[in-house]
Amino acid sequence: MKIITKISESRDEINVFRCVGKRIGFVPTMGYLHEGHLSLVKKCREENDIVVVSIFVNPTQFGAGEDFERYPKDLKKDAALLQGAGVDFLFTPSVEEMYPEGFSTAISVSGISDGLCGSSRPGHFDGVALVVTKLLNIIMPHKAYFGMKDYQQLQVIKRFVADLNMNTKIIGMPIIRETDGLALSSRNIYLNADERKSALCLSRSFAFVYEALEGGETEVSEVKTIVENFIKDHPHTRIDYVQFVDPETLKPVKDLTKDFLLALAVYVGKARLIDNNIFKVM
Ligand code: PAF
């Protein structure tokens, strides 16, 4: 695996393979890798000739007071994991390389980025759209892989890639969970032992929704109250949002008679955790 820090070098190296018809797959990450990231890398390895992974903690997607400064990092461990997973290129640019002096461009995706994390973290998806556009322009992959834990992020990326006619197929991959149900996240490192126990309330709340649906409940407000009360019963938790939305538009659903996405954002101690599940309704 070759580690590259410069944009020009990554272009030169990867172009060699593109020119001879090799398929380029790409997994963008912010590092501190876990099995969720590695599941993306595995799929990317299966479906492409050349696998490129980026590690870049992107400052433009963090708001004031968020965890940009303390975002966990372990480049040595990440590089060893990626090497073991058969990655060809690891692209780890500096902030100055990605955003040199004079950088002045913004990208904003309206509609799909308005609710959920878009409301709680103003500007977050502008930052994601900007960095993913830059990374896709630099790597020019045939396919790029993203986890469905960041469900809204995936929809935002699909939207601007289509809108801007970018020549990359965006692949969404299932959430990877610990055996007890906690969705894998680099931010789980912020949880102490008690908070780790409380964090299970996100994924465990899904069972109450299935139970309510089986009982014939179709009122959003009823099921929302059940989920909120369950989460609030757990120490160290503070709900950011509990939203029942259309899986395509991410607009709130009026009732639970059609397929819907339950999207959760909950602070557990210092960690802001997100999780989601699509409920199929007959
Ligand atoms: O999901 C992430 O890790 C980041 O938001 C991404 C897509 C790498 C952009 O910085």
Side-chain angles (χ1 to χ4, degrees), residues 26-30 40 54 56-68 71 95 98-100 102-173 175 183 185 187 220-221 224 239-256 258-267 272-279:
F26 179 44
V27 181
T29 81
M30 297 206 300
L40 308 182
S54 65
F56 178 63
V57 183
N58 171 39
T60 66
Q61 69 187 76
F62 289 80
E66 291 189 348
D67 57 345
F68 173 65
Y71 196 84
V95 171
M98 290 294 275
Y99 300 111
F103 189 92
S104 318
T105 300
I107 298 188
S108 184
V109 185
S110 59
I112 199 92
S113 26
D114 292 346
L116 306 176
C117 291
S119 314
S120 312
R121 303 182 67 190
H124 168 65
F125 288 119
D126 294 358
V128 170
L130 181 60
V131 78
V132 174
T133 300
K134 283 174 67 67
L135 289 167
L136 295 181
N137 283 340
I138 293 164
I139 308 295
M140 292 200 290
H142 295 88
K143 289 184 178 178
Y145 299 78
F146 298 86
M148 285 173 65
K149 184 171 74 65
D150 296 287
Y151 188 92
Q152 188 177 17
Q153 167 173 282
L154 176 64
Q155 303 308 316
V156 169
I157 292 169
K158 282 184 173 167
R159 185 72 262 163
F160 71 73
V161 164
D163 289 351
L164 301 177
N165 309 99
M166 297 168 87
N167 205 7
T168 297
K169 185 163 187 214
I170 302 300
I171 315 279
M173 292 288 294
I175 299 175
S185 164
R187 288 188 167 103
V220 175
S221 58
K224 188 171 167 155
I239 293 174
D240 181 354
Y241 62 73
V242 170
Q243 291 279 338
F244 295 76
V245 298
D246 181 290
E248 296 291 318
T249 63
L250 302 189
K251 296 266 181 269
V253 291
K254 292 193 173 57
D255 56 43
L256 305 179
K258 285 202 274 295
D259 294 356
F260 63 89
L261 177 92
L262 169 59
L264 305 174
V266 178
Y267 288 93
R272 181 180 179 279
L273 304 182
I274 56 173
D275 203 344
N276 67 76
N277 191 55
I278 294 181
F279 292 84

Under a 4.5 Å cut-off applied to non-hydrogen side-chain atoms, are [X] and [Y] in contact?
X: Ile175; Y: Asn276; value: yes
X: Phe56; Y: Lys134; value: no
X: Val220; Y: Phe260; value: no
X: Leu154; Y: Met148; value: yes
X: Asn137; Y: Met166; value: yes

Worksheet item: In chain order, what residues pass the side chain to side chain contact (heavy atoms under 4.5 Å, CB included) check against Tyr267, with sequence neighbours excluded?
Response: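 Arg238, Asp240, Arg272.
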I'd like to check the side chain to side chain contact (heavy atoms under 4.5 Å, CB included) partners of Ser54; sequence neighbours left out, ordered by chain and number.
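With sequence neighbours excluded, Ser54 shows a side chain to side chain contact (heavy atoms under 4.5 Å, CB included) to Phe26, Pro28, Phe91, Leu135, given in chain and number order.
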Can you tell me if Gln152 uses its side chain to pair, donor with acceptor, with the backbone of Ile112 under 3.5 Å?
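Indeed, once roles are kept as given, a pair shorter than 3.5 Å links the two residues.
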Any salt bridge (Lys or Arg N to Asp or Glu O under 4.0 Å) pairs touching [range], not counting sequence neighbours?
range: residues 106-119; result: none
range: residues 57-68; result: Glu66-Arg121, Asp67-Arg187
range: residues 149-168; result: Arg159-Asp163

For [X], what residues pass the salt bridge (Lys or Arg N to Asp or Glu O under 4.0 Å) criterion, not counting sequence neighbours?
X: Asp126; value: none
X: Lys143; value: Glu47
X: Asp246; value: none

message: Could you work out, with ring-ring contact (aromatic ring centres under 6.0 Å, His included) as the rule, every residue matching Phe103, not counting sequence neighbours?
response: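 Per chain and number, Phe103 pairs via ring-ring contact (aromatic ring centres under 6.0 Å, His included) with Tyr99.
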Using atom types as modelled, flag every donor-acceptor pair under 3.5 Å from a side chain in residues 249-256 to any protein atom, sequence neighbours excluded.
from	atom 1	to	atom 2	distance (Å)
Thr249	OG1	Lys251	N	3.2
Asp255	OD1	Thr257	N	3.2
Asp255	OD1	Thr257	OG1	2.6

Just how far is it from atom [atom1] of [X] to atom [atom2] of [Y], taken to the nearest 0.5 Å?
X: Ile274; Y: Leu116; atom1: CD1; atom2: CG; result: 9.5 Å
X: Phe160; Y: Thr133; atom1: CZ; atom2: OG1; result: 4.0 Å
X: Gln155; Y: Glu248; atom1: CD; atom2: CD; result: 6.5 Å
X: Ile170; Y: Ile157; atom1: CD1; atom2: CD1; result: 6.5 Å
X: Ile107; Y: Phe125; atom1: CD1; atom2: CZ; result: 14.5 Å

Results of side-chain hydrogen bond (donor to acceptor under 3.5 Å, both in side chains) for Asp275 - residues two or more places apart only
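Partners of Asp275 by the side-chain hydrogen bond (donor to acceptor under 3.5 Å, both in side chains) criterion, ordered by chain and then number, come out as Arg177.
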query = What ring pair (Phe, Tyr, Trp, His ring centres under 6.0 Å) pairs are there with at least one residue in residues 132-159, not counting sequence neighbours?
reply =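 Every pair satisfying ring pair (Phe, Tyr, Trp, His ring centres under 6.0 Å) with a residue in residues 132-159: there are none.
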All heavy atoms of Val156 vs all of Ser113, minimum pair found to be CG2-CB, 3.8 Å
